[in-house]
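As structure tokens, the structure follows; a few thoughts come after it.
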Amino acid sequence: MTGEVLVGFYTFILACVAGYQLITKVPPTLHTPLMSGANAISGITILGALAMTNGHGTIAATIVGCLAVIFAMVNVAGGFMVTERMLKMFGSKKK
Amino acid sequence: MTGEVLVGFYTFILACVAGYQLITKVPPTLHTPLMSGANAISGITILGALAMTNGHGTIAATIVGCLAVIFAMVNVAGGFMVTERMLKMFGSKKK
Amino acid sequence: MTGPVSPQVLAANAGYLASVLMFMFGIMRMGKVKTARSGNQLAAGAMLLAMVSQFVEMGRIEPWFIVAGIVIGSVVGVVAAIKVEMTEMPEMVALFNGSGGLASALVALAAYAFHHIPMQPLMSASMGEAAPSAVNGLAVMLSIVIGCVTFTGSLIAFGKLSGKVSGSPVLLPGRHVINAALLIMSLGGSVMVVFTTGGMPGMGIVIAVTVMALILGVMLVIPIGGGDMPVVISLLNSYSGLAAAMAGFAINSQVLIVSGSLVGAAGLILTQIMCKAMNRSLTNVLFGGFGAEPEAGGKGGGADEYTNVKSAEAEEVAMILEDVQSLIFVPGYGMAVSQAQHLVRELGDMMAARGCQVRYAIHPVAGRMPGHMNVLLAEASVPYEQLFELDQINNEFKATDAVIVIGANDVVNPDAVNKKDSPLYGMPVLNVWEARTCFVIKRSLSPGFAMVKNPLFEADNNYMVFGDGRKALEEIIKCLKEA
Amino acid sequence: MTGPVSPQVLAANAGYLASVLMFMFGIMRMGKVKTARSGNQLAAGAMLLAMVSQFVEMGRIEPWFIVAGIVIGSVVGVVAAIKVEMTEMPEMVALFNGSGGLASALVALAAYAFHHIPMQPLMSASMGEAAPSAVNGLAVMLSIVIGCVTFTGSLIAFGKLSGKVSGSPVLLPGRHVINAALLIMSLGGSVMVVFTTGGMPGMGIVIAVTVMALILGVMLVIPIGGGDMPVVISLLNSYSGLAAAMAGFAINSQVLIVSGSLVGAAGLILTQIMCKAMNRSLTNVLFGGFGAEPEAGGKGGGADEYTNVKSAEAEEVAMILEDVQSLIFVPGYGMAVSQAQHLVRELGDMMAARGCQVRYAIHPVAGRMPGHMNVLLAEASVPYEQLFELDQINNEFKATDAVIVIGANDVVNPDAVNKKDSPLYGMPVLNVWEARTCFVIKRSLSPGFAMVKNPLFEADNNYMVFGDGRKALEEIIKCLKEA
Ligand SMILES: NC(=O)c1ccc[n+]([C@@H]2O[C@H](COP(=O)([O-])OP(=O)(O)OC[C@H]3O[C@@H](n4cnc5c(N)ncnc54)[C@H](OP(=O)(O)O)[C@@H]3O)[C@@H](O)[C@H]2O)c1
Ligand SMILES: NC(=O)c1ccc[n+]([C@@H]2O[C@H](COP(=O)([O-])OP(=O)(O)OC[C@H]3O[C@@H](n4cnc5c(N)ncnc54)[C@H](OP(=O)(O)O)[C@@H]3O)[C@@H](O)[C@H]2O)c1
């Protein structure tokens, strides 16, 4: 049965509502860091990249998979790092 | 596998976050109607009552099931109705 | 779609999804005054859709008593909801809530007794797939426990509010120990049931757990004062949502899980918001036994404690009111008790007709439920523009000629501002003593909900108008008409 | 737990659940200045936890290149993030975002090519159960389409921001028709693939869809002006979240679905908030080709259009500043371009040392990305107490001796308040013209981002200080020191 897929719709809808609600009143100062932080989270696709590559021996699969891993990791690592850099500045100034 | 149950945890957590976020700044005026409206929604257990009674022929099951249906329906119908009555007053006065 | 999905199941699931969305938007809209009513209607529509979807999924309805159950329940609920007085709303909500909790417990019991959920795979109609696991079993038991606590707890709350059970806190010695023991035993029993395979010994434990949970519900609410019941009901409401969510886990129904936990979380945060408005912590409400000590010892503010109290007769009040240019009414619990809201409005209209500026100051926790005064004054159709909340009007008292306090006490207690060791200290109150003249209509000098003395009654510019709220107002109106 | 659940799978799933919770709280905290940094760190921790859980679930790592991929990707990302100049942040985010979109597309491609998702049941490691259905197949294709659009769209956005591609809108004739055709064809192709069973004809269509999506990404972003890129990047960011969610549907991974749609929704609402701050609608940003017409016709506000412009040399400015008691700096895009923030602060400190009240007025959309000015001034460690937002300071200009505008133009344009048919009309601006004296430091009279004339430059109390922001400030500081 399509149980899993069906339930996926629930989590999808709920997550959309939650995501929408979490960002209600963000001051303009934070728009850019928030954008970049959210961007980093969208690198979650790294899990898919790992799952798709793992245990699939062919060369083609390995190449595509590793590329996916690399690109996803650039997004994740770079995204969180650049956000941290931006926010560090606000932090220092707050003191 | 416990796929469904597992996924239930996701919807549970997400719904909790969503529920929490939805009620952030409620004015005191609305506390009572909101309480009573939420109470009506908790009557959703009526679906469980229907599912548990349906197609189970024994007398015991029918009795327990019908009791569950009755109590759940009291909660649902009464809850929404009493909320409506309270809110109607605010409405009339707003005009 | 490929795969063995029947159109009914598909349609039903689409309906469930849509109803969940509608519930969410309904709750969201219920949080704003303008959209509250449509939010409630949306939620009611969602419930209808969910039920229809359930019928679509089941395909057949058997036994037909189910339909009878629906009709009976609806009629009872609607009639009760229509008949109830505005002032009795909280009691009513408590009853409905208890009813919902009982329903969840019954659903879980049925799941255990007739569908053998902890013991063997359940072919859930809604999911069509075997999902046997300890999680389902534990969910069954938790649903029973939470549902039963909600049920008896709500009954006690109803009893306290309606005066059928003593409103004052009943503090049994050793109650914390007893409650802890009941809780641990019922949870322990639940776990045991899950790991007991096969029939009757399990059933024995289930019954024991049920009984303990029922007692626990009573024990938890009995020590809480009647005035705190709205908070307790809100919390029990959160519990009944949780019970529904647990029932959802038991029978693998996402609609139940999602809607139940939505209500559970919303109820919890609402409870906190309500506590905050009363300047209390949730722990204090649940375990504090607020209002018990003074009852046990001497009254916190009997007539004997007061000196220099001035009182005024209706004629005197009417005479003073004749010359008043600005007037603020401060309603409280006593107005609700004596059902004086219509007379308040009549007096307000008379004064307004004389060219006086008339306003109403609404304290957030005046009365015995949140929004109590708003509901009553709305019932008496007081114009919306004349209603003001605490922070909107608190600076206006200084420039006001007269204030009439009708059956309010704690919410106008100056000690909340001035006296550090007052139990009320820190709660924002209406600064009525800043007005030129203040009238307090109540039957005696006896204290309000918080059981403390109110120095306002001794203030130089304050006059007590002793009597039942309704009668006192009738007399004042009569005198004013004659003048 | 009963049932065939291995401890690894259980642990992994607990990890996934926890990481989803952490993502949510992370995003929530990122929305408030005080908690933003810890929110980002929480989200980063969540990502690490999710990855570790994935490894736990997989049990073995094969091929080992995966690890190499992780290392390479991390190093590239971190180095790029550390090396980038503060002013180039938006470009960098665009690149990262494109990278993420490409990754999602590749994941979906792999799911199609090597795991044959639309065609046959996938034994998903994370769920261990067959879930073949058209939904999974469609999700694969949507992930490819959205991922590819995100990829090329982000590349163009990067190009426009970094000046590698012309920043001004490129308006192809018939582009709406072409885009609609591309969109319909790629969606149609996606549906076809889902219902094609077995190998190669399907693969051909997948490749065609991929190519069309790549072109669509370029086509959608090319017509948008460089200044609108932050909004576009935020939208593309929302897309890449959606692509990840689709990938989650494809391989039945709840973590991907939940996190992806969280980001998708958060990105969308953030995009709207950003548009609102610029007083534009999203449609206008996406399809308006803002900033194109003036470029095509005559410049919207060339030097020839101005009359009665007064200008001042550095010495004159310094002379006037000597007697000033209150000073407000208004930074804009030009300060970012000329990297003048440190000099601004130096001048501010000098003036403060002379006993002058120094403040900074931050317009929400000054510069080219939201919070641009805050970031730069924070970099130059301007004290937090001296920074004021638009509504905090807009009433203060009246009582201010001097204003120094550094490379700002649109955000101080009086037409936004006075002239109904100005493209800026309705945008809140800083009312610098109300100050006693106003200095505008910029290189020429040429217009800003909105390409309109700025009547401030002709005002009686306004002096232009022509020159590069940095150089002009250096001279003023020199003169002030000598004086
Ligand atoms: N609103 C809520 O949600 C909520 C919930 C829980 C607790 N509370 C608590 O309830 C209190 C509310 O304050 P409040 O000022 O509204 O009420 P209050 O402090 O409880 O005082 C009510 C007064 O009304 C008088 N009264 C009773 N029956 C009357 C009648 N028939 N005619 C005239 N007067 C009558 C009583 O004095 P006599 O006996 O002398 O007439 C009493 O002093 C606060 O302490 C609040 O924390 C509120
Ligand atoms: N913040 C955002 O998120 C965002 C996003 C998209 C669009 N926008 C738009 O961008 C605009 C921002 O307004 P703004 O006032 O900050 O900038 P602006 O209106 O674009 O004006 C910037 C000015 O800086 C001057 N300039 C450029 N390089 C300079 C240098 N090296 N030294 C000194 N001056 C220099 C330019 O004049 P010269 O060439 O004469 O020097 C130009 O007129 C608004 O229209 C806003 O809607 C903002």
Side-chain angles (χ1 to χ4, degrees), chain B residues 2 4-5 8 11-12 15-16 19-20 22-23 26 28-39 41-45 47-56 61-62 64-84 86-87 89-91 93-94, chain C residues 27-28 30-31 36-37 40 43-44 54 58 62-63 65-66 69-70 72-74 76-78 80-81 92-93 96-97 99-100 102-104 106-107 110 114 131 133 135 234 237 240-241 244 247 249 252 254 257-259 261-263 265-267 269 274 277 364 369-371 374 378-379 384:
Chain B
T2 52
E4 296 248 328
V5 171
T11 47
F12 180 69
C16 285
Y20 192 95
L22 289 174
I23 312 289
V26 194
T29 326
L30 287 178
H31 288 176
T32 303
L34 189 65
M35 176 171 90
S36 128
N39 170 37
I41 296 180
S42 72
I44 186 76
T45 199
L47 300 197
L50 294 175
M52 286 299 102
T53 318
N54 191 52
H56 203 285
T62 306
V64 173
C66 279
L67 281 179
V69 169
I70 292 177
F71 284 116
M73 262 333 272
V74 168
N75 188 4
V76 169
F80 283 122
M81 193 66 207
V82 94
T83 314
E84 168 74 14
M86 283 190 238
L87 292 172
M89 301 198 148
F90 294 119
K93 143 190 103 176
K94 272 242 118 165
Chain C
I27 293 182
M28 195 168 80
M30 271 193 250
R37 199 172 161 201
N40 183 51
Q54 178 74 44
M58 300 192 307
E62 200 190 359
F65 298 105
I66 293 183
I70 292 180
I72 296 174
S74 304
V76 171
V78 169
M92 204 69 243
V93 174
F96 289 153
N97 193 45
S99 179
L102 180 58
S104 284
L106 287 175
V107 169
F114 312 120
S133 95
V135 173
S234 177
N237 174 22
S240 75
F249 271 110
N252 279 335
Q254 293 297 324
I257 298 181
V258 174
S259 319
S261 34
L262 266 180
V263 172
I269 174 85
M274 283 164 70
M369 64 174 178
N374 297 76
E379 192 197 346
Y384 193 70

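Values below: all heavy atoms of this structure, side chains included; hydrogens, waters and symmetry mates excluded. First the proteins, then the strands, lettered A, B, ... as listed; each starts at 1.
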Requested in this report: Without swapping roles, check the side chain of Ser99(C) against the backbone of Phe71(B) for a donor-acceptor pair under 3.5 Å.
Outcome: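 Yes; at least one donor-acceptor contact below 3.5 Å.
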Requested in this report: Answer yes or no: is there a side-chain heavy-atom contact under 4.5 Å between Thr32(B) and Val93(C)?
Outcome: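 When only atoms from C-beta onward are counted, Val93(C) and Thr32(B) do not touch, as no gap falls below 4.5 Å.
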Report task. Check whether any side-chain heavy atom of Pro33(B) sits under 4.5 Å from a side-chain heavy atom of Asn40(C), and report yes or no. Result ->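 Answer no - side chains too far apart.
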From [atom1] ([X]) to [atom2] ([Y]), nearest 0.5 Å:
X	Y	atom1	atom2	result
Ile44(B)	Ser240(C)	CD1	OG	12.0 Å
Leu106(C)	Thr53(B)	CG	OG1	9.5 Å
Leu50(B)	Gln54(C)	CG	CD	5.5 Å
Leu87(B)	Met30(C)	CG	CE	8.0 Å
Ile66(C)	Thr62(B)	CD1	OG1	8.5 Å

Requested in this report: Please determine, among Leu47(B), Thr83(B), Leu67(B), Ile23(B), the option with the most heavy-atom pairs under 4.5 Å with chain C.
Outcome: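 Greatest number of close heavy-atom pairs with chain C: Leu47(B).
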Report task. Under the side chain to side chain contact (heavy atoms under 4.5 Å, CB included) rule, what do Ile72(C) and Val69(B) come out as? Steps first, then yes or no, please. Result -> CA-CA 9 Å; Ile72(C) 296 174; Val69(B) 169; over 6 Å; no
Query raised in the report: Do you know which two heavy atoms are closest between Ala81(C) and Gly78(B), and how far apart they sit?
Result: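 Looks like CB-O, 3.6 Å.
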Query - Nearest heavy atoms of Phe80(B) and Ala44(C), plus distance in Å - result: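 Here Phe80(B) and Ala44(C) meet closest at CE2-N, 3.5 Å.
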Query raised in the report: Relative to chain B, which segment of Ala43(C) carries a heavy atom at a distance below 4.5 Å: side chain, backbone, both, or neither?
Result: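 For Ala43(C), backbone and side chain are both near chain B.
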**Report entry** Interchain contact, Val263(C) with chain B, by part (heavy-atom threshold 4.5 Å)
**Finding:**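 When you check distances to chain B, only side chain atoms of Val263(C) fall under 4.5 Å.
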